[in-house]
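What follows is a set of notes on a single structure, which appears directly below.
So that the names make sense, note that chain A is the first sequence line, chain B the second, and so on, each numbered from 1.
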Amino acid sequence: MKFRTIKGTKDILPEETAGWQNVESVIRRVMRNFNYQEIRTPTFEQTGLFARSIGELTDIVSKEMYTFLDRSEESITLRPEGTAATLRAYIQNNLGEQSPLTKVYYIGPMFRQERPQAGRLRQFHQFGAEALGASSPQLDVEMMVLPLEIYKQLGIDHFSLKINSVGCEKCRPAYKQLLQTELRKIFTQLSHDSQVRVEQNPLRVLDSKDKKDRELTAGMPLMNEHLCEECTVHFASVRSLLDALNIPYEVDGRLVRGLDYYTKTAFEITSTALGSQDALAGGGRYDLLVEELGGKQTPGVGFAAGIERLLIVLSKLNENKIASSAPVIFFVGLDETARIWTFLKTNELRRQGTCAEVDYLGRSVKSQMREANRQQAQYVIVVGEQELKTKTAKLKNMHTGEETAVSLEKIEIPS
RNA sequence: GUGGCCAUAGUUCAGUUGGUUAGAACGCCAGGUUGUGGCCCUGGAGGUCGAGGGUUCAAAUCCCUCUGGUCACCCCA
């Protein structure tokens, strides 16, 4: 075979699209109910936008981005996530000047050049939301409720929500130093990856998946134990709002997440139905990011969720079985005259809003009937010389096998 | 980026210790009396055995390289 999809990319085939569309429509419906409006940004941006927002030292920026020079030698990157571009659009179009609070959602492909595995692709799809302009913990909670509600409406009830507070510019630096001092004491025993992080991003050491690192850092001070007054209150509000909404969650003091821009709240939703890539959604607050990207100081919160991973969970639970569309009526033409008539009639019905189909391959009656059956057509009308002469035909119900007379002038389909 | 496993019809898989024209099921196509599907029956098409090299009288089968897939590490959606 000459051409294949690029490693880590996939065709979404006709038999799968009904399931995708169903998921997308639930996402859009829930977003609408929560009063979020869709935003669509380009799939590629200036490389600097991502480097600046996500963080130069993160894995995403340092080794996973699809970056290339375009013909004018500008460095371009295929978006690895949705927040950066959304905020860029927010700033560029002065959305903050038009209303004090902006609530938007997006849905579309993202790109990261990682080694593919279960639940991880190089082009994958995310949906997510951002609320810009308010620092209320209510919005932090809304960002958790949104994906949970979408999952619930799709029939998923088993997931776990982990939350943490990663502090702010006031309390994080002091904690960071404290943690670094502790980490340096056990430096030589840490895994290579963690050693690198001790200086660059010590909080991430606590989030290491390495078993030995976990044991070594077991008694270490946690960020959420060293929050400033403002962050403490904020975190407590988030928790009490979750309690009030009866949403089960777990405080995980080690949760940091891989993007540098989070402040205060960080959260993650995981599912045991997934393999080792078990994160279904993640998000958090980013009160410094808009300013970092050149906008006015604006607080914000958001989340992002993977659609492929959601579909994996749904298929494991045997949910989201959406039947693809089938013709309401299938015409069988017997001779050339009838074939032309059925083709024209099919077009007429289609334009009136009925899904109709004919045979285009010049097949036998038996074959045409088989085709109608294969396509799960609801009704079949066989048209030949006789039918065209009398202007009446038999409407066959393919489910019951029953045949009733219909006028070819005015085809009425029982509802 | 590192590692394990895998690669045979459209699909899911068989294929003995290397040995004739590489099989099955499902799917697809066509028939089973003059113009009717589903079940059933009959027949048919469809494979450079991932690619390249090597060992051998002989390779789908053994060895090497590459490519692709998959899972895991790392990280994340």
Could you tell me whether [X] contacts a base, only the sugar-phosphate backbone, or nothing, with contacts defined as non-hydrogen atoms closer than 4.0 Å?
X         : value
Leu121(A) : base
Thr58(A)  : nothing
Glu81(A)  : nothing
Gly128(A) : nothing
Ala304(A) : sugar-phosphate
Gln368(A) : nothing

Hey, are the side chains of [X] and [Y] touching, using non-hydrogen atoms and a 4.5 Å cut-off?
X         : Y         : answer
Ser237(A) : Phe235(A) : no
Gln375(A) : Glu357(A) : yes
Glu142(A) : Lys103(A) : yes
Ile107(A) : Ile27(A)  : yes

Distance between the [atom1] atoms of [N] and [M], in whole angstroms?
N      : M      : atom1 : value
A7(B)  : A51(B) : C1'   : 11 Å
C63(B) : G18(B) : P     : 11 Å
U11(B) : U16(B) : P     : 22 Å
C39(B) : C29(B) : P     : 13 Å
G10(B) : G3(B)  : C1'   : 33 Å
A14(B) : C57(B) : P     : 32 Å
U2(B)  : C66(B) : P     : 11 Å
G54(B) : G46(B) : P     : 31 Å

Starting at atom [atom1] of [X], determine the distance to atom [atom2] of [N], rounded to an integer number of angstrom.
X         : N      : atom1 : atom2 : answer
Asp11(A)  : G69(B) : CG    : C1'   : 14 Å
Ile54(A)  : C76(B) : CD1   : P     : 11 Å
Glu15(A)  : G27(B) : CD    : P     : 15 Å
Asp260(A) : C76(B) : CG    : C1'   : 14 Å
Tyr379(A) : U36(B) : OH    : C1'   : 17 Å
Arg363(A) : C28(B) : CZ    : P     : 10 Å
Arg112(A) : C75(B) : CZ    : C1'   : 9 Å
Gln376(A) : G38(B) : CD    : C1'   : 10 Å

* Which residue lies more 5' along RNA chain B, comparing Thr9(A) with Arg122(A) via nearest heavy atoms ->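 Whichever sits nearer the 5' end wins; that is Thr9(A).
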* First encountered from the 5' end of RNA chain B, between Arg374(A) and Glu308(A) ->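 Comparing both residues, the 5'-ward one is Arg374(A).
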I'd like to know if [X] reaches the base of [N] with its side chain such that a donor and an acceptor end up less than 3.5 angstrom apart.
X         : N      : answer
Arg370(A) : G31(B) : yes
Glu387(A) : G35(B) : yes
Lys394(A) : G35(B) : no
Arg309(A) : C76(B) : yes
Gln277(A) : C73(B) : no
Lys7(A)   : G68(B) : no

* Name the orientation of the base relative to the sugar in G54(B): syn if the glycosidic angle is within 90° of 0, else anti. =>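 Base orientation relative to the sugar is anti.
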Base paired to [N] (Watson-Crick or G-U; both N/O distances under 3.5 angstrom):
N      : answer
U65(B) : A51(B)
C26(B) : G10(B)
U34(B) : none
C57(B) : G19(B)

* With a 6.0 Å cut-off on ring centres, are Tyr261(A) and Tyr286(A) close enough? ->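 Yes; Tyr286(A) has its ring centre under 6.0 Å from that of Tyr261(A).
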* With a 4.0 Å heavy-atom cut-off, tell me which residues in residues 30-41 of chain A come close to RNA chain B, sorted by residue number. =>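 The answer is none.
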Would you mind telling me which of [options] lies closest to the side-chain atoms of [X]?
X         : options                : value
Glu371(A) : C71(B), C29(B), C76(B) : C29(B)
Val365(A) : U36(B), G68(B), C76(B) : U36(B)
Ala118(A) : C75(B), U36(B), A72(B) : A72(B)
Asn373(A) : G38(B), C75(B), G35(B) : G38(B)
Gln117(A) : C73(B), G31(B), C76(B) : C73(B)
Ser367(A) : A30(B), C76(B), G37(B) : A30(B)

* To do: Give the B/S/- string for nucleotides 1-9 of chain B, one per nucleotide from 5' to 3', where a protein heavy atom under 4.0 Å of the base yields B, of only the sugar-phosphate yields S, and otherwise -.
  => BBB------
* To do: Considering non-hydrogen atoms only, spot the tightest contact between Ala266(A) and Val166(A) and give its length.
  =>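 Closest pair (atom of Ala266(A), atom of Val166(A), distance): CB-CG1, 4.2 Å.
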* Determine the minimum heavy-atom distance between Pro42(A) and Arg79(A), stating which atoms define it. =>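 Closest approach of Pro42(A) to Arg79(A): O-NH1, 3.7 Å.
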* For the residue pair Gln46(A) and Thr77(A), confirm or rule out a side-chain donor-acceptor distance under 3.5 Å. =>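 Side chains of Gln46(A) and Thr77(A): no pair found under 3.5 Å.
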* Between Tyr151(A) and Asp157(A), a side-chain donor and acceptor under 3.5 Å ->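 There is no such pair between these side chains.
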* Ion pair present between Asp207(A) and Arg254(A), side-chain N to carboxylate O less than 4.0 angstrom? ->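 Looking at Arg254(A) together with Asp207(A), the answer is no, because their closest N to O distance does not fall below 4.0 Å.
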* Asked: So does Lys396(A) pair up with Glu402(A), basic N to acidic O under 4.0 Å?
  ->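 So Lys396(A) does not pair with Glu402(A) through a salt bridge.
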[X] side-chain N/O to [N] phosphate OP1/OP2 under 4.0 Å:
X         : N      : result
Ser364(A) : A30(B) : no
Arg197(A) : C75(B) : yes
Lys10(A)  : U70(B) : yes

* Sub-3.5 Å donor-acceptor pair from the side chain of Thr354(A) to the main-chain atoms of Ala356(A), do we have one? ->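 Flag not set: sc Thr354(A) to bb Ala356(A) has no pair under 3.5 Å.
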* Asked: Any donor-acceptor pair under 3.5 Å linking the side chain of Asp11(A) with the backbone of Leu13(A)?
  ->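 Judged by distance alone, no pair lies under 3.5 Å.
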* To do: Compute both the distance and the angle, then confirm whether Arg122(A) meets the cation-pi test with Phe124(A): under 6.0 Å from the six-membered ring centre, within 45 degrees of the axis.
  =>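 No - Arg122(A) does not lie over the ring of Phe124(A) by the 6.0 Å and 45° rule.
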